[in-house]
Each structure stands twice: as structure tokens, then as C-alpha cells.
Amino acid sequence: MSQPKQTATPSSAPMERPPLLKRINLQQYVVYLGFLAIFLFFAIVLRDSGFLTVRNLSNIVLQTAPATIMAIGLVFVLSAGEIDLSIGSIVAVSALAAAVTINAYGMAAGVVVGLGAGLAIGLVNGVLVAYVRLPSFLVTLATMGLFAGVARSLTDLRSIPVTDSAFTGFFGSGALLGIPSLVWWTAIAILIGHIVYRETRFGAHVLATGDNNRAASVSGISVPRIRLAVMMLSGGLAALAGLLYAGRLQAAKYTLGETDLMTVIAAVIVGGTLLNGGKGSVVGALVGSLMMGMLNNGLILMGLSVSDQMIVRGLIILAAVAVSLREKAR
Amino acid sequence: MPRFSRLSALAAACLVSTSLFAADGATVGPHGEKPTPAASVTLTDAEIAKIKEGKYSAALVWHEMSEYTGAVDRGAKDEFAALGIDVVAQTDAGFDAARQQADVETVLAKKPTIILSLPVDPATAAAVYDPARKAGVKLAFVDNSPAGYEHGKDYVTIVSDDLFQMGSKAADAMATALGKKGKLGYIFHDADFYVTNQRDQAFKKTIEQDYPDMSIVAEAGMADPARAEEIAQGLLTQNPDLDGIYVAWAEPALSLLSSLKAAGNTKTKIVTLDLNEPAALDMVKGGNFAAIVADEAYNIGRTAARAAAASLIGKEAAPFLVVDSLAVTKDSVLDGWKASLNKDAPESIVEALK
């Protein structure tokens, strides 16, 4: 295959001059440096407030697991030059569908139905974007509202308890080899996501599509199929996030995932994925997601009032996004 | 609509509990508890000194932030400060149960002795509060407790409004405004909501039982508050000669006010619940609003904080504590604002009173 594999700097960027190259190289590490800076700040300021305890740090990883999984899907979607605003609603629909099915038919059926619901919504999004050729922003803006409504009507606003201990262990509070299941899910998803994104033909096609879809099409890539695939991938991963939420909370409710969209977009962008396609990083998204979780955690532990937490969090995200996006302006 | 947002937090409770509604003129707790006045929670100087010695700390894990939550929050903080208890964290779950779960885990890093909270989703909240309960944290709740939790063992108490009293005081205020006679309209919340249902029914019951010369001649259920204006309009078209109208809470009452104004009606009196600046302003200026019944939200926070602190020195609180409410009229609006929200009345109202 003659498709260029994407490298640390986009090889397609025309006429790069050395000073700019240098800056872009540094900017590659912005998310890691930012993460480290925030971590060190909290570690020092909150040294007596339990921030550095293993329990608290592992809480951050567990709490961000669903958002991290959603972020992986969004890296693919954004890299292909699309966006998926419906992930929050997919989380709710999948979690509720899974919970209802688990209570009636057991865990396996519930997982299949939950993931199936996410893939099906992804398919709807994908067909409308890839074959009906509607802009993904508008399609998923509409399906976000549509499926939020479906989630509400699915159980008439009721929350559904999930008592199947196999399910809650596997997707929520369980552990394997002393490592919590949510950490396993995060690690496995990141590993697979990273390999697919960096090392496979599919990953290269996604990037080529996002970078310049006409060029991609000319070089033999089926752009519609790539678009359909990334929307379904995003739907499937959002559904997995829904299962993780349901497992951890031992319940599903229509509000699950509702507030996650902005956090996930911020995590992905801060992690070095371009909003308009052609470049991205799965590992960056993980670090971005952990950074968001660490911010929430640290600002609460600092004893700030809720309004102050929101202001400070907003400013830090703004700064991080500004730094990571500034270089990418053309 | 700060109050309405809180109502939705209680919706879940209605669906799992069947013994919610006031039977014989009294507020009933979410699990059928009998109400106990908040004033029953007292501490002697010696007890306060003992609590202060303990160097305890508390975290406030709210469901969302609104004017109402803000007043509860201030009450809790003031009481904790008076008892020498350090408030180490405050969180806002934005009505998301998963976020509230994360918030509980996060604040536990600060090892608080007390957590005050309003559960986003009582039906499934056990998984949310279990880490705190297992860590031996004293839990005190506002409005509701997690399903399956036992009073005294798993949590200290639930503090809420005296909902029946609120509706009943609205009826008394209406009677006062109309000289105990007249024809009434009744706009109630037509949904399965614990808070509004109890208040609405208390209004109706009090009018029927205590005021023989007053009668409810027109009723309109409001399922969707966004459609309040159409509902009010319909009620007024069919009954243009009403002396007074009760509305379940202040926001839709403002829709009614605009309908009355459009019809040039300055005579029909409105009584509603929950403080609201535009409604209070109309009342102060001698408009249609005759009275607004408000709860002592600030006192909910104080009571929950005091009950939780008392439990640290082995003093048990009753399972369901209720705070008083007050009917605020033009003459009592400044004091009423202070008593309900522990805040000065807004500038516009102070100005209008001059």
C-alpha cells in the first residue's frame, strides 16, 4: 500500500521550515508537559490532602475510564475529518438497553444488546454522513437530541438497577490480578486503539481521509466506507463506555453520559488531535482524559467552591487547548 | 427554575415508593417517615465544646447548584463553622449520578467525618454512598436517602421541607388576602412529583376544610410547566371572575401574571410557593401577587449539619426532620427573604418598598 503512514509531524504539511518544525515537535509534548505540570502542582499543594494516595490516584483512572474509551472513538472520528456529538446519548441508550436486557435475559444478552445499540446508532450516523452526504456536525447534533429523547422514553425516566454481580464485576467494580477491571478496559482499549490508529492500513486511511478526502479518494480509498466505519467505531466505544458506567454505578439512567461530550472533546483536542482531521493521537487522548479527571479531582480536594472549580477548570482547559491548537493554525 | 430542577431529583423516589402522599394533613417522609420539627435537634454548650474538641471535618456533595442549594449550603457551612467543623470540599454533580459517585470517592481522599448530600437518584444511590458508609463517614441527607439504607445505622437523618405546611400556609394566605370568601382557581402540578403533589393537595384540603365560604371553582393541571401560559390563559377565558388563583410554584405563576396583565385584570389575587424576584416585585408594587410561601432552605442546611455533628457524640436524630415555612407578603418580604435564604432581599425589591 502506498499510503503514507502518519508520522510525528504530518508529512503532508507543505513546505515545513525548520524553526516551525521545532515548535511542532515541542507542541507534540504539550499534553504530557501539561499533565506533568498539573500533577506536580496538585502533588505539592495537596500533599496533605490525600491527592497522592494510591486510592485517590486510582480513583482518577477509574472515574475517567468511560470518558477515555469515548475519547478513543472520537480520535478516529476527528482524524477522518468528522465529528460525533451524539456519544453522550449513545452512552445512555446503551446503558439502559443493556440494564433492561440483563435483568430479563442475563449478562451476555445485555452486553450484546448494549453494544448493538451503540453500533446501530453509529450505523445511522454513518450512513447519513457517508452516503446521504450530510455534515456530521448536523447529523450528530440531531441524533444527540433524538437519542437523548429515546433514552428518556425507554424506561420512562426511571433508573434501572443492575444487580447481576458478574456484570458489575466485569464492567465495574471487579478486579483481575489485583488490577481493577476498569483499568483493564482502559488499557486494552488504548492499546488496540493505538495499534489500529498507528500501525494498520485502516488507521492510515482514516488519516488520509481527514487530511484530504479527495486525494484519498483518488488514491483508491473508499472514503464513504471510512466515514461509516469511524462513526460505527465511535458508537460502539460509546456503548462500551455506557456498560462501564452501568457496571460501576450498578444502575443505568438516562442522565449517564449527558455531561461527557465537552470533557471528551477537550480531552481529545488537548491530547493533540486536530479538530478538522488528518492528525491525532490515541495515547494523547488518554493523557488528555486523565488530565481532565485529575483537574476535577484536584480542584475539589483544594476545597474550592463549585463556581470557583468551574472557573479554574475552564481557564486551564482554555490554556491547554490554546497551546495545543495554536501551532496547528495554518 | 431552581426549585423545579430540584423536583426532578425527587422524581425517582416517587416511582419506587408508594407511601408518599400526605394522608391526614401531615407531611410524610420519602419512606413513609413521620415528620419531626427541625427545632428538635439541639446541642448544649457542653456538647458543642465536645464536638469542637473532635476537630471534625465535613464535605458537601450536592446534586446541583441553584439558589435553593446555595441557601442550604450556606446554612450547613455556618453551622459547621459554629461547631468548629472544617468544610473540606464542596461538589456539584450536575444531576448526574455517575458524577456524584465520582464526587463521593474524590472527597473521601480528604477523610471527612461527615458528608451532607442530596442524592441525585435515591433509587440507585446505595452504590454511590457505599464507599463513604463503609469508611464510617456520618451521612446526613437532604430530601431523600438511598434505597435500602437504614436510618440510624447507615445514615443520620433526612432533612426536608414541611410540604403539607407549605400548601396549608398558601391556603391561609389566600384566605387572608380575600377576607375568607371568594371563588378560586387552582393550577396544580399534574405529574408524579413528591414535593409539588404534597403541597398542592395541602392547599386544596385546607381550603375545603377550613374555609367554608371559599371554593375552588376551576382546576387546571400543568404537566409541562413550559405551557403554563396557555393553561393560565384557558383558565382565565373560562373563568374571568375568579377572586384568587393558586399556582404550584412561582415560575408558572409569572405566566399567569402576564395573562392577567394582558387582560387588564388587577383584581384577581395570586398565591404561589418558592421565592422569586419578579413575583415578589409585583407583590411589593401592589400587583396581583398577594403572598408567596417560602421554605427555610437555609435552615435545612443548618439542621442537617447540626444533626450530623450531634451523631458524632452519640446523639441520634429523628429519621425525618422538617423545617418551617413562612407566607411572605408585602409587609414581611424583607424579613421573609432573610429567613428563607439567609440573604438580603434583592435590590429591586428594597427599592420598590421605599
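Bear in mind that the values here come from a model prediction, so they are computed numbers and not experimental data. Below, chain A is the first sequence line, B the second, and so on; all start at residue 1. Values below: every heavy atom of this structure, side chains too, minus hydrogens, waters and symmetry copies.
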Query raised in the report: Checking Leu304(A) against chain B: side chain, backbone, both or neither under 4.5 Å from a heavy atom?
Result: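 When you check distances to chain B, only backbone atoms of Leu304(A) fall under 4.5 Å.
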
Requested in this report: Check whether Glu258(A) gets within reach of chain B through its side chain, its backbone, both or neither, counting any heavy atom under 4.5 Å.
Outcome: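 For Glu258(A), there is no contact with chain B at all, as no heavy atom is under 4.5 Å.
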
Pick from [options]: which one has the most heavy-atom pairs with chain B under 4.5 Å?
options: Ser49(A), Gly257(A), Gly303(A); value: Ser49(A)
options: Pro161(A), Ser307(A), Ser305(A); value: Ser305(A)
options: Gln250(A), Gln309(A), Met310(A), Arg248(A); value: Arg248(A)

Query raised in the report: Closest heavy-atom contact between Val156(B) and Ala307(B)?
Result: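 Scanning both residues, the minimum pair turns out to be CG1-O, 3.5 Å.
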
Requested in this report: For Leu249(A) and Ala127(B), work out which heavy atoms get closest and say how close.
Outcome: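 Closest approach of Leu249(A) to Ala127(B): O-CB, 3.3 Å.
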
Query raised in the report: What is the ring orientation for Phe171(A) with Trp185(A), classed by angle as parallel under 30°, tilted 30 to 60°, or perpendicular over 60°?
Result: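 If you compare the ring of Phe171(A) with that of Trp185(A), the planes turn out parallel.
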
Query - Contact class of Val128(B) relative to chain A, heavy atoms under 4.5 angstrom - result: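 Side chain only.
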
Requested in this report: Could you tell me whether Arg133(B) sits above the aromatic face of Tyr149(B), with NZ or CZ closer than 6.0 angstrom to the six-membered ring centre and within 45 degrees of the axis?
Outcome: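 Geometry flag: set, cation within 6.0 Å and 45°.
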
Query - Sub-4.5 Å side-chain heavy-atom contact between Pro119(B) and Phe141(B) - result: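 Yes - at least one pair of side-chain heavy atoms lies under 4.5 Å apart.
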
